[in-house]
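This report refers to the structure that appears directly beneath it.
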Amino acid sequence: MPESPITPRNRDFAQWYQDVVLQGDMAEPAEIVKGCMVIKPNGYAVWEGLQRELDTRFKATGHQNAYFPLLIPQSFLRKEAEHVEGFAPELAVVTVAGGKELEEPYVIRPTSETIIGHFFAKWIHSWRDLPMLLNQWANVVRWELRTRMFLRTTEFLWQEGHTAHSSHQEAMEEVLRILDIYREVAEDVMAMPVVKGVKSHAEKFAGALKSYSIEAMMQNGLALQAGTSHDLGQNFGKAFDVQFQNKEGQLEYAWQTSWGVSTRLIGGLIMTHSDDKGLVLPPRLAPVKTVLVPIYRKDEEKGAVLEASHKIAADIGAKVDDRDGQSPGAKFFHWERLGVPVVLELGPRDLAAGKAVVKRRDTGTKQPVSQEALAGTVSATLDAMQKSLFAAARERLKANTVTANSIEEVESILKDASAEKGGGKFVMAHLADDPACDARVKEFKASVRNHPLADEFDGPGKCIVTGVPVERRAVIAKAY
RNA sequence: CGGGGCGUGGCUCAGCCUGGCUAGAGCGCCUGGUUCGGGACCAGGAGGUCGGUGGUUCGAAUCCACUCGCCCCGACCA
């Protein structure tokens, strides 16, 4: 038997991840373009699923899609002080075009707050123009020093929402509404539990008043920022002169928000559910949910089995793997690596008994089912798998979340919480939103992931670094 | 950007240290046949000039310099 092409998680988690991406035919490095990847059809189909789920929810909450230029005048980035500082090191700049040096270089968008700010200024004059609720599906470029497929690449795909409101409170409601959409898609669609919270001042988006995030825990215990939603206050309004006349006739700067999730979610999906056999896709996002593998020996069996296979598959919407010259065993391994949630086996024995075998990807369990009951069983199995993936991930998150009551305790937990051994932890500790606290935590090669919005963990206490009273514990963890 | 590893048929790799016949293996692929309930077998066959550039040499996959890319660790970052 050939050796598995997938490195076990406990031997080398990073290698495992890469093997799963490659073997699952999700993506591969675009070796000719530094730091970039090719998202292959299997991977892109998952992205399309996420797009569909997100887009539906954006539309349902009043947003419209639009598209802004990829190239942004360099001067735009400079208009918001914090924003330039945050993004300057990772910009790709176009200085020559049409064979000539440009008078003003363009940067390839790392995000679109600035160029959208410019157009908001043109379009927004009155409180009647508000709220303005836009979303853009786009690619962005950030020159990264170290890349990993899906998790961080030079170019990636995302959606970026940009909205303008007539009051800070309305903007805040938007920020939290979106954060909850992200939470819902992560948990209900991706089966990936997340912690909603506020980013520390040190970790917030460059140019925002406040940033909110959802943080997920990967199987090795590392945190992954899976989505962010920013309260931009009036910072970009002031930088780009986005003003409107309010009901009292006063000129006021618009209150803006921006929010985004990216193809990084796919990396999170993989590191949440997949196993040593390869990809595991939650049914709600699996491009192919059910595959039927016909099994036969002699030619007369082949005819009968294939005929029955196609009939059954048509009934329940499965794909038949009728490739010739591949043994059933090879086909099982193939679909297993690709993460297909349910595989059906249909052979002469089943045919004689009027049954088929239903096999579930996550548990590996096989179950003979009568053909009349097949459709119902398959759909129930998909449903059960979706639920059980989420339950297992939530259980893991819970099991690897611990509390600490002193900075020394945080340090010692993080020290033996070696992610390489799968022992990464979310350490919950009372911490003030103070740069000094972030700096202290960074000494342990970890970071403050966020300050949770809800009392899921604990109530008030005193900051273990500064001693000031804080409402609840923060999430401290090593992160991707 | 610093440290480490790697780059040889589609894939995994051997050969390199101690330059020298037509550059090998396994897997995959193609053709034919026998197979088919967890990676089938036999026979025949196609496919590489050794990441790139420049050098040393009678001669370079092998030695030297530069360069490109990937992976890991670190710093930085969304």
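Every chain is numbered from 1, with letters handed out A, B, ... down the list of sequences.
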Whole-Å gap separating [atom2] ([N]) and [atom1] ([X]):
X       : N      : atom1 : atom2 : answer
Q326(A) : C29(B) : CD    : P     : 7 Å
K331(A) : A40(B) : NZ    : C1'   : 13 Å
L145(A) : C70(B) : CG    : C1'   : 16 Å
L22(A)  : C71(B) : CG    : P     : 10 Å
W16(A)  : C71(B) : CH2   : P     : 17 Å
F444(A) : A75(B) : CZ    : P     : 14 Å
F156(A) : C77(B) : CZ    : P     : 16 Å
E345(A) : C36(B) : CD    : P     : 16 Å

Identify whether any heavy atom of [X] sits under 4.0 Å from a base atom; if not, whether one sits that close to sugar-phosphate; answer base, sugar-phosphate or nothing.
X       : value
R349(A) : base
R337(A) : base
R148(A) : sugar-phosphate
E301(A) : nothing
P89(A)  : nothing
V293(A) : nothing
G227(A) : nothing
K302(A) : nothing
Q225(A) : sugar-phosphate
P348(A) : base

Donor-acceptor pair under 3.5 Å, R142(A) side chain vs C77(B) base: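 When only heavy-atom distances are counted, R142(A) does not reach the base of C77(B) through any donor-acceptor pair under 3.5 Å.
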
Assert yes or no for the condition that the ring centre distance of F58(A) to W259(A) is strictly below 6.0 Å.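 Yes, the ring of F58(A) comes within the 6.0 Å limit of the ring of W259(A), centre to centre.
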
Centroid separation under 6.0 Å, is that true for the rings of F87(A) and F205(A)?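 Yes, they do, as the ring centres are separated by less than 6.0 Å.
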
Between [M] and [N] - [atom1] atom distance, rounded Å:
N      : M      : atom1 : value
C17(B) : U62(B) : C1'   : 9 Å
C71(B) : U12(B) : P     : 13 Å
G48(B) : C13(B) : C1'   : 14 Å
C16(B) : C21(B) : P     : 13 Å
C11(B) : C50(B) : P     : 16 Å
G24(B) : G9(B)  : C1'   : 11 Å
A65(B) : C58(B) : C1'   : 23 Å
G20(B) : C66(B) : C1'   : 27 Å

Is [N] paired to anything, Watson-Crick or G-U wobble with both distances less than 3.5 Å, and if yes, which nucleotide?
N      : result
G32(B) : C42(B)
C1(B)  : G74(B)
A65(B) : U53(B)
C17(B) : none
U22(B) : none
G9(B)  : none
A60(B) : none

Check whether any side-chain heavy atom of [X] sits under 4.5 Å from a side-chain heavy atom of [Y], and report yes or no.
X       : Y       : result
R361(A) : L279(A) : no
D438(A) : H201(A) : no
H83(A)  : N235(A) : no
S211(A) : T228(A) : no

So which nucleotide from [options] ends up closest to the side chain of [X]?
X       : options                : result
A14(A)  : C72(B), C70(B), C36(B) : C72(B)
R152(A) : G37(B), C77(B), G39(B) : C77(B)
K442(A) : A75(B), C77(B), G37(B) : C77(B)

Please tabulate, one pair per line, all N/O donor-acceptor pairs under 3.5 Å involving side-chain atoms of residues 136-143 of chain A, not counting sequence neighbours.
{"unit_1": "Q136(A)", "atom_1": "OE1", "unit_2": "F68(A)", "atom_2": "N", "d": "2.5"}
{"unit_1": "Q136(A)", "atom_1": "NE2", "unit_2": "S112(A)", "atom_2": "OG", "d": "3.3"}
{"unit_1": "Q136(A)", "atom_1": "NE2", "unit_2": "E160(A)", "atom_2": "OE2", "d": "2.9"}
{"unit_1": "W137(A)", "atom_1": "NE1", "unit_2": "D55(A)", "atom_2": "OD1", "d": "2.8"}
{"unit_1": "N139(A)", "atom_1": "OD1", "unit_2": "R109(A)", "atom_2": "NH2", "d": "2.8"}
{"unit_1": "N139(A)", "atom_1": "ND2", "unit_2": "E155(A)", "atom_2": "OE2", "d": "2.9"}
{"unit_1": "R142(A)", "atom_1": "NE", "unit_2": "P110(A)", "atom_2": "O", "d": "2.7"}
{"unit_1": "R142(A)", "atom_1": "NH2", "unit_2": "P110(A)", "atom_2": "O", "d": "2.7"}

Taking only the side-chain nitrogens and oxygens of K34(A), find out if one of them lies under 4.0 Å from OP1 or OP2 of U67(B).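 False: K34(A) side-chain N/O out of range (4.0 Å or more) of U67(B) OP1/OP2.
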
Examine C36(B): is either OP1 or OP2 under 4.0 Å from a nitrogen or oxygen in the side chain of S327(A)? Give yes or no.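 Checking C36(B) against S327(A), no side-chain N or O comes under 4.0 Å of OP1 or OP2.
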
If you assign each of A479(A) and Q15(A) to its closest nucleotide in RNA chain B, which residue comes earlier from the 5' end?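 Upstream on the strand: Q15(A).
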
Nearest heavy atom decides the nucleotide; on that basis, is T153(A) or G35(A) closer to the 5' end of RNA chain B?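 In this pair, the answer is G35(A).
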
Ring pair (Phe, Tyr, Trp, His ring centres under 6.0 Å) between F240(A) and F76(A), worked out: CA-CA 9 Å; F240(A) 287 88; F76(A) 276 34; 5.6 Å; yes

Decide whether S309(A) and D322(A) meet the rule of one side-chain donor and one side-chain acceptor closer than 3.5 Å.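 There is no such pair (donor and acceptor under 3.5 Å, judged by atom type) between the side chains of S309(A) and D322(A).
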
Which residue pairs satisfy the ring-ring contact (aromatic ring centres under 6.0 Å, His included) criterion with at least one member in residues 334-373 of chain A, sequence neighbours excluded?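 Qualifying pairs, neighbours excluded: none.
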
In this structure, are over 12 heavy atoms from other groups packed under 6.0 Å from E48(A) atom CD?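 Result for CD/E48(A): enclosed.
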
Write down the protein N/O and nucleotide N/O pairs, taken from nucleotides 42-47 of chain B, whose separation is under 3.5 Å; answer none if there are no such pairs.
none

